[in-house]
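Keep in mind that what you see is a predicted model, and the values were worked out from it rather than measured. Atoms considered below: every heavy atom in the structure, side chains included; atoms not considered: hydrogens, waters and symmetry mates.
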Amino acid sequence: MPAAPSTTVPSLPSPPSFRGRIGCDANSGHYPVPRRYRLHLSPSCPDCLRIAITHSLLGLGETLPVLRLAAVPDGPDGGHRALRPLYEASAHRYPGPAAAPVLSDTWTGRIVSTHPPDILSDLVRRFGGDGPGRPALHPQDRAAEIEAVERLCAHRIGEAAQYAGRADADAAARRTALGSLLRVLDSLERRLAHQDFVLGDDMTAADVRMWVTLVQLDTVHRLHLDAAAVHRIADHPHLWAYARRLAAHPAFGTHLDLDGIARRHHAHCQGLEAAGAAVQIMDWAAHSAGGTAARLHRERPDGFMEPQHALHLRPSGSA
């Protein structure tokens with residue numbers, strides 16, 4: 001008896017990933033040459049915000065220019081139209097969205113990487129150097145702790161807060177997620193009562209990650225929590241004082257696009273807003289360097305070029 005024809009629909013191939021590295025592979029040709037590369041960032045995206053902050057902390061405005069993208073991706077597939085030529089040049093008829101962040105190579109006109117952890121690592125290790133005033137964001141003896149904070153932010157804060165605000169989740173599961181989140185915040189509160197930064201007296205990459213996570217907690221996840229939960233989250237004075245202190249740092253606050261974050265969230269989120277949307281934990285605009293989110297568009301952060309094809313950068317360290 002002949003076998004019945006298969007009705008399985010073949011799956012479409014996954015879009016190619018871009019995981020090139022700077023200075024890691026002698027055969028790749030990606031040497032750390034000043035002004036050869038470009039970062040394409042939309043600071044309303046958490047990953048892009050982390051990269052923008054790291055870029056500013058390292059003083060890379062003249063070495064590695066940044067091209068600003070729209071806060072909300074404007075392509076029909078959820079990508080950025082401005083990035084489509086780069087994606088097409090890097091992978092013929094690229095099938096996926098042209099997403100940010102992107103590290104591109106101006107010599108070849110192609111993408112080096114779209115992988116945030118690799119981009120962040122290469123900024124620090126290949127371009128960071130030991131210049132005056134530059135923090136040691138990835139000290140070797142704190143590597144395991146920085147990685148632990150990365151996991152903590154992603155799972156115990158970000159994912160827990162998101163689940164605690166899911167209207168379609170079981171009430172007991174939401175309470176469990178909120179309890180897990182609050183225990184982490186309690187631990188951070190005790191830690192920051194006696195030290196300036198997450199890992200001690202010096203700023204590291206863990207602080208960049210933590211600050212962006214707190215921004216998301218207040219500007220995105222809070223909108224889907226009930227008011228009582230938001231008040232409990234806000235009841236961590238040392239933690240939010242830490243967030244305010246970093247917001248006042250030019251490398252952090254000048255990149256904070258509150259309007260862009262709100263527009264990006266409302267463009268993509270399908271969840272329902274809850275009472276917590278009316279309970280703001282922190283006035284980010286008042287405490288951020290520059291005063292308001294709107295100022296971000298009038299005064300470009302170091303190394304940022306607007307519009308996308310501008311040719312001149314402000315000198316690093318200018319006000």
Counting distance only, does the side-chain N/O of [X] pair as donor-acceptor with the main-chain N or O of [Y] below 3.5 Å?
X    : Y    : result
D122 : I22  : yes
R81  : D74  : yes
D257 : P43  : no
S180 : T176 : no
H249 : R245 : no
H138 : I146 : no
R142 : A205 : no

Does some side-chain heavy atom of [Y] sit less than 4.5 Å from a side-chain heavy atom of [X]?
X    : Y    : answer
S42  : R264 : yes
R209 : V198 : no
H30  : R126 : no
T219 : H265 : no
F252 : V212 : no
E62  : R35  : yes
I157 : L181 : yes
Y37  : L103 : yes

Can you say whether the rings of W211 and W284 are parallel (under 30°), tilted (30 to 60°) or perpendicular (over 60°)?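 Geometry flag for W284 against W211: perpendicular rings.
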How about [atom1] on [X], more than 12 heavy atoms from neighbouring residues, nucleotides or ligands closer than 6.0 Å, or not?
X    : atom1 : result
R232 : CZ    : no
R110 : CZ    : no
D202 : CG    : no

Sole candidate of T63, D105, T106 that passes side chain to side chain donor-acceptor pair (under 3.5 Å) when paired with R36: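 Option passing the side chain to side chain donor-acceptor pair (under 3.5 Å) with R36: D105.
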Between H255 and S56, is the side chain to side chain donor-acceptor pair (under 3.5 Å) condition met? List the steps. CA-CA 9 Å; H255 296 294; S56 289; 2.7 Å; yes
Return the minimal non-hydrogen interatomic distance between [X] and [Y], and the atom names on each side.
X    : Y    : result
S121 : R21  : OG-NH2, 3.4 Å
P101 : P116 : CG-CG, 3.9 Å
T213 : C153 : OG1-CB, 3.3 Å
I111 : S113 : CG2-N, 3.5 Å
R50  : L120 : NH2-CD1, 3.5 Å
A100 : L69  : CB-CD1, 3.6 Å

For a salt bridge (Lys or Arg N to Asp or Glu O under 4.0 Å) check, start with the C-alpha distance between R84 and D77, then their side-chain angles and the critical distance, and finish with the verdict. CA-CA 11 Å; R84 176 54 59 180; D77 57 359; 2.9 Å; yes
For a side chain to side chain donor-acceptor pair (under 3.5 Å) check, start with the C-alpha distance between E189 and H238, then their side-chain angles and the critical distance, and finish with the verdict. CA-CA 6 Å; E189 175 71 10; H238 292 103; 2.8 Å; yes
Out of curiosity, [X] [atom1] to [Y] [atom2], how far, rounded to the nearest 0.5 Å?
X    : Y    : atom1 : atom2 : answer
R222 : Q216 : CZ    : CD    : 12.0 Å
R191 : L199 : CZ    : CG    : 6.5 Å
I281 : L225 : CD1   : CG    : 8.5 Å

Do L256 and V72 land in one hydrophobic cluster if side-chain heavy atoms of ILVMFWY residues count as linked below 4.5 Å?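 No, L256 does not connect to V72 through the hydrophobic network.
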If we count only N and O atoms by modelled type, under 3.5 Å, do the side chains of S104 and H40 hold a donor and an acceptor together?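 Side-chain D/A pair, S104 to H40: present.
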